[in-house]
Amino acid sequence: MKAAVTTSPSVGPPLWLLLELTYRCPLQCVFCYNPIDFAKVEDELTTGEWLRVLREARALGSVQLGLSGGEPLVRDDVEQIAAEAHRLGYYTNLITSGVGLSRERLSELKRVGLDHIQLSFQDSTREMNDFLSHTRTFELKKRCAEWIKSHGYPMVVNCVIHRLNIDHLDTIIDMAVQMGADYLELANTQYYSWAHLNREHLLPSREQLQRAERTMLEWRERMKGKMRILFVVPDYYEQRPKRCVNGWGTTLATIAPDGTALPCHTARMLPGLSFPNVRTKGMREIWFQSEAFNKFRGFGWMKEPCASCEEREKDLGGCRCQAYLLAHDPAVADPVCSKSPHHQVVLAALDRAQQPQVPEAPLIFRRRENSSRLA
Amino acid sequence: MTQADRPSMRPGFRLQWEEVQKAYVLLYPEGMVKLNTSAAEILRRCDGERSVDEIVADLESAFNRKGLQGDIEQFLQLARAQGWLSAAVS
Ligand code: SF4
Ligand code: SF4
């Protein structure tokens, strides 16, 4: 049976809107979640176009807004976008590495009604060393943290964890404490895009993970009531997949820098889907009628073992991008699931992660040249 | 929490009516919850000005009902446990 591509009354509003304002970024994180071929995307939406997206999505019911990238602050109109978002009644979250933040920009963002800032510790290996040795990067983050706090924002810090930095977790948490973080998110890399390319370097061993968890629990105990710590293990170590973006086309709409509308920020890699663009279609039509947003809604698209699985309501078959990356078919069960016929691929990756040797292939940094070469 | 406390919402938290959802939602960094009417009516009054006693009196008169104190205090406890309210200042 072919699922009808029509407005379904059971489809709720896109409560979360994520605007990836640009793919430009001064950093080169080896785990970057931007598409590998980001260099192809050059024609970013204009300020006016972003403002129109904000209005259209708000009318549909979007209310939580993320401004991210790349590094959103590379654009000089973030203040204007945040101002319009506030006027429309969004709760606006800025997700930034802090590079490009200044006291002046922050004051302006506060003045126009930006609600929240998430400061991420990004790292390439060089920066990680830099960072761990308390030098430049840390100084920059610390300054940002002070400004953020002095503007009355809660201090929310995010650090992506992986094989190359997980053994330094104690130092990382200590730095977050020194920065006065109220909330620290330690999320293990998810293996898409650049992180998938670099997976052999980034997937921690079970032992590393257990040690990190113990360290984290000690800090959690010590910081009780002062700082909350969230720790996300890599889903490769789980038996069941995560619900992806709370379910395809149920909650989140992501708009890429060139106006491509996506049900999740990595969906762009999926073959055989043509994603609508806000330049040519309105948000209402995109959300309710486009083939792409309807493709994996509900259960009709599922294959076995998901189709008849009693747990399907819980995880909705996991992540479509992971299914595609690991099993070359976006409509099969997420191979993280132990019931998946492709689960072996995950187990093999885990096996390799228990070995001490460094992979032969070099780490690939998220650089424009690499993006053009790999596209 | 004592009756003299003047609860207020945590900085970064915002309560707002959402027409599309036909409900009040509480918005906070990277999250939101949909509230039922009574929860929203209580939270709306947590402005740091009113004491718990005043909130109770206010709601009892607004809804023309008596004996809400227990429910309200229970909700405030929950809201505090969820981290929606600032630390008590008396
Ligand atoms: S993950 Fe790193 S490289 Fe990618 S956009 Fe964020 S800061 Fe830039
Ligand atoms: S078989 Fe599919 S639906 Fe069932 S638990 Fe695994 S991924 Fe989820």
Side-chain angles (χ1 to χ4, degrees), chain A residues 11-18 56-68 85-86 88-95 110 113-120 148-158 181-185 187 224-228 230 246 251-252 283-284 287-288, chain B residues 1-52 73-90:
Chain A
V11 175
L15 295 175
W16 284 79
L17 179 67
L18 177 67
E56 290 178 5
R58 183 71 185 123
L60 277 183
S62 295
V63 58
Q64 271 286 355
L65 174 69
L67 301 178
S68 79
H86 181 71
L88 292 165
Y90 282 101
Y91 190 93
T92 310
N93 306 271
L94 176 69
I95 298 146
K110 177 79 188 182
L114 179 75
D115 292 288
H116 166 240
I117 300 176
Q118 182 193 293
L119 186 63
S120 354
I148 291 172
K149 280 199 102 109
S150 73
H151 282 81
Y153 287 113
M155 187 63 222
V156 178
V157 175
N158 170 285
D182 300 297
Y183 190 86
L184 174 64
E185 204 175 289
K224 221 179 195 158
K226 287 183 230 141
M227 178 172 93
R228 289 168 83 154
L230 179 84
N246 197 42
T251 316
L252 174 75
M283 282 301 292
R284 179 171 296 276
W287 181 254
F288 288 109
Chain B
M1 195 177 339
T2 67
Q3 263 105 307
D5 279 337
R6 300 175 193 281
S8 65
M9 251 189 291
R10 245 316 242 289
F13 283 64
R14 193 165 92 215
L15 181 70
Q16 123 185 350
W17 173 259
E18 280 299 294
E19 190 53 38
V20 174
Q21 298 180 63
K22 297 265 180 284
Y24 277 100
V25 295
L26 182 64
L27 298 160
Y28 51 90
E30 289 155 74
M32 64 180 134
V33 274
K34 200 162 159 173
L35 298 173
N36 63 23
T37 319
S38 33
E41 291 296 340
I42 301 170
L43 268 189
R44 266 180 49 184
R45 289 166 171 81
C46 295
D47 52 8
E49 307 269 309
R50 287 174 247 215
S51 67
V52 176
E73 282 179 1
Q74 206 179 358
F75 173 78
L76 288 174
Q77 231 163 47
L78 176 127
R80 187 144 288 164
Q82 292 288 328
W84 299 344
L85 300 177
S86 290
V89 266
S90 39

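Each chain gets a letter, A, B and so on, in the order its sequence line appears, and its residues count up from 1. Heavy atoms only: backbone and side chains are in, while hydrogens, waters and symmetry mates are out.
- Across all non-hydrogen atoms, the minimal contact from A/Leu60 to B/Val20 is O-CG1, 3.6 Å.
- Most heavy-atom pairs under 4.5 Å with chain B, from the set A/Val156, A/Ile117, A/Leu65, A/Val63: that is A/Val63.
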Pairs of donor and acceptor atoms, chain B with chain A, under 3.5 Å:
{"residue": "B/Gly12", "atom": "O", "partner": "A/Tyr91", "partner atom": "OH", "Å": "2.4"}
{"residue": "B/Arg14", "atom": "NH1", "partner": "A/Asp115", "partner atom": "OD1", "Å": "2.9"}
{"residue": "B/Arg14", "atom": "NH1", "partner": "A/Asp115", "partner atom": "OD2", "Å": "3.2"}
{"residue": "B/Arg14", "atom": "NH2", "partner": "A/Gly89", "partner atom": "O", "Å": "3.3"}
{"residue": "B/Arg14", "atom": "NH2", "partner": "A/Tyr90", "partner atom": "O", "Å": "2.8"}
{"residue": "B/Gln16", "atom": "NE2", "partner": "A/Gly89", "partner atom": "O", "Å": "2.7"}
{"residue": "B/Glu18", "atom": "OE1", "partner": "A/Arg58", "partner atom": "NH1", "Å": "2.8"}
{"residue": "B/Glu18", "atom": "OE2", "partner": "A/Arg58", "partner atom": "NH1", "Å": "3.4"}
{"residue": "B/Glu18", "atom": "OE2", "partner": "A/Arg58", "partner atom": "NH2", "Å": "2.8"}
{"residue": "B/Tyr28", "atom": "O", "partner": "A/Gln64", "partner atom": "NE2", "Å": "3.0"}
{"residue": "B/Glu30", "atom": "N", "partner": "A/Asn93", "partner atom": "OD1", "Å": "3.1"}
{"residue": "B/Gly31", "atom": "O", "partner": "A/Gln64", "partner atom": "NE2", "Å": "2.5"}

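- If you tally non-hydrogen atom pairs under 4.5 Å between each of A/Pro13, A/Gly66, A/Gly89 and chain B, the highest count goes to A/Gly89.
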